[in-house]
Novice: 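Have a look at this one before I ask anything.
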Amino acid sequence: TLKLPKRAMVDHVILKEKLTDGQRVARYRVLVKTGNWQGLTSSLAIGHKKIHRIDPPVMASEFQLSVDVIPGCASDDIEVDMSVYGKWVD
């Protein structure tokens with residue numbers, strides 16, 4: 001889970017997968033907490049980097065990444081960095 005220090009109007013989500021041992025993420029889903037957890041974006045493989053433009057932007061402070069691994073790969077071997085970009089809300 002990615003927790004921001006305060007709410008922000010987020011318009012981009014960036015995911016980076018460590019590929020030292022090859023690609024391991026088969027598909028993924030980014031969730032956002034706006035009261036309840038809900039789907040924000042999803043796709044297939046991340047590869048080196050995946051940038052999602054969020055339109056319209058979402059106001060939130062908590063984000064979560066859920067991944068499905070390629071068959072035969074252990075889920076604890078996966079390293080994915082998630083960051084978000086946008087504007088702080090006063």
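When reading the values below, keep in mind they use all heavy atoms of this one structure, side chains included, and skip hydrogens, waters and symmetry mates.
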Novice: Between His52 and Tyr85, is the ring centroid distance below 6.0 Å?
Specialist: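 Distance test on ring centres: not under 6.0 Å, no.
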Novice: Could you pull out the closest heavy-atom pair between His48 and Leu19, with the gap in Å?
Specialist: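 What the structure gives for the nearest pair is N-CD1, 3.5 Å.
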Novice: Where is the tightest heavy-atom contact between Lys6 and Trp88, given as atom of each residue plus distance?
Specialist: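 Shortest heavy-atom separation between Lys6 and Trp88 comes out as O-CZ3, 3.3 Å.
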Novice: Distance check, rounded to the nearest 0.5 Å: Ser42 atom OG versus Asp68 atom CG?
Specialist: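 Result: 10.5 Å between the selected atoms.
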Novice: Side-chain contact, heavy-atom cut-off 4.5 Å: Gln38 with Val32?
Specialist: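 Yes, at least one pair of side-chain atoms sits under 4.5 Å.
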Novice: Begin from the C-alpha positions of Val25 and Ile78 and carry the test side-chain contact (heavy atoms from CB on, under 4.5 Å) through to its verdict.
Specialist: CA-CA 7 Å; Val25 175; Ile78 296 175; 3.9 Å; yes
Novice: Examine Phe63 and Leu31 and state if one hydrophobic cluster contains both, with Ile, Leu, Val, Met, Phe, Trp and Tyr joined whenever side-chain heavy atoms are less than 4.5 Å apart.
Specialist: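 No, Phe63 does not connect to Leu31 through the hydrophobic network.
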Novice: Would you say Glu17's side chain and Arg24's backbone share a donor-acceptor pair under 3.5 angstrom?
Specialist: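 Judged by distance alone, yes, a pair lies under 3.5 Å.
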Novice: Other residues, nucleotides and ligands only: do more than 12 of their heavy atoms fall within 6.0 Å of NZ on Lys3?
Specialist: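 No, because the 6.0 Å sphere around NZ of Lys3 holds 12 heavy atoms or fewer from other groups.
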Novice: So how far is it from Lys50 NZ to Lys16 NZ, rounded to the nearest 0.5 Å?
Specialist: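 Lys50 atom NZ to Lys16 atom NZ measures 15.0 Å (nearest 0.5 Å).
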Novice: Is there a side-chain contact between Glu62 and Leu2, using heavy atoms and a 4.5 Å cut-off?
Specialist: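 No, every pair of side-chain atoms sits at 4.5 Å or beyond.
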Novice: For residues Val10 and His12, report the shortest heavy-atom separation together with the two atoms involved.
Specialist: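 Heavy-atom minimum between the residues: CG1-O, 3.5 Å.
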Novice: Could you check Asp11 against Asp55 for side-chain contact (heavy atoms from CB on, under 4.5 Å), going step by step and ending with a plain yes or no?
Specialist: CA-CA 7 Å; Asp11 56 10; Asp55 189 21; over 6 Å; no
Novice: For a 4.5 angstrom cut-off between non-hydrogen side-chain atoms, does Ile46 reach Val80?
Specialist: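 In short, these two side chains touch, coming nearer than 4.5 Å.
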Novice: Quick one: does Val30's side chain get under 4.5 Å of Met82's, heavy atoms only?
Specialist: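 Of all side-chain heavy-atom pairs linking Met82 with Val30, at least one is under 4.5 Å.
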Novice: Find out whether Leu40 and Val13 are in side-chain contact, i.e. whether some heavy atom of one side chain is under 4.5 Å from a heavy atom of the other.
Specialist: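 Yes; the side chains approach each other to less than 4.5 Å.
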Novice: Give a yes or no on this: more than 12 heavy atoms of other residues, nucleotides or ligands lie within 6.0 Å of atom CG of Asn36.
Specialist: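 No, not enclosed.
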Novice: Is the shortest side-chain heavy-atom distance between Val89 and Lys87 below 4.5 Å?
Specialist: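 No, side chains not in contact.
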Novice: Hey, does Ser43 have a side-chain heavy atom less than 4.5 Å from the side chain of Tyr28?
Specialist: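 In contact.
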Novice: Which atom pair, heavy atoms only, marks the closest approach of Ala60 to Leu4?
Specialist: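 Closest heavy-atom pair between Ala60 and Leu4: O-CD1, 3.9 Å.
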Novice: Taking side chain as C-beta onward, heavy atoms only, is Ile14 less than 4.5 Å from Ser83?
Specialist: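 Yes, close enough: below the 4.5 Å cut-off.
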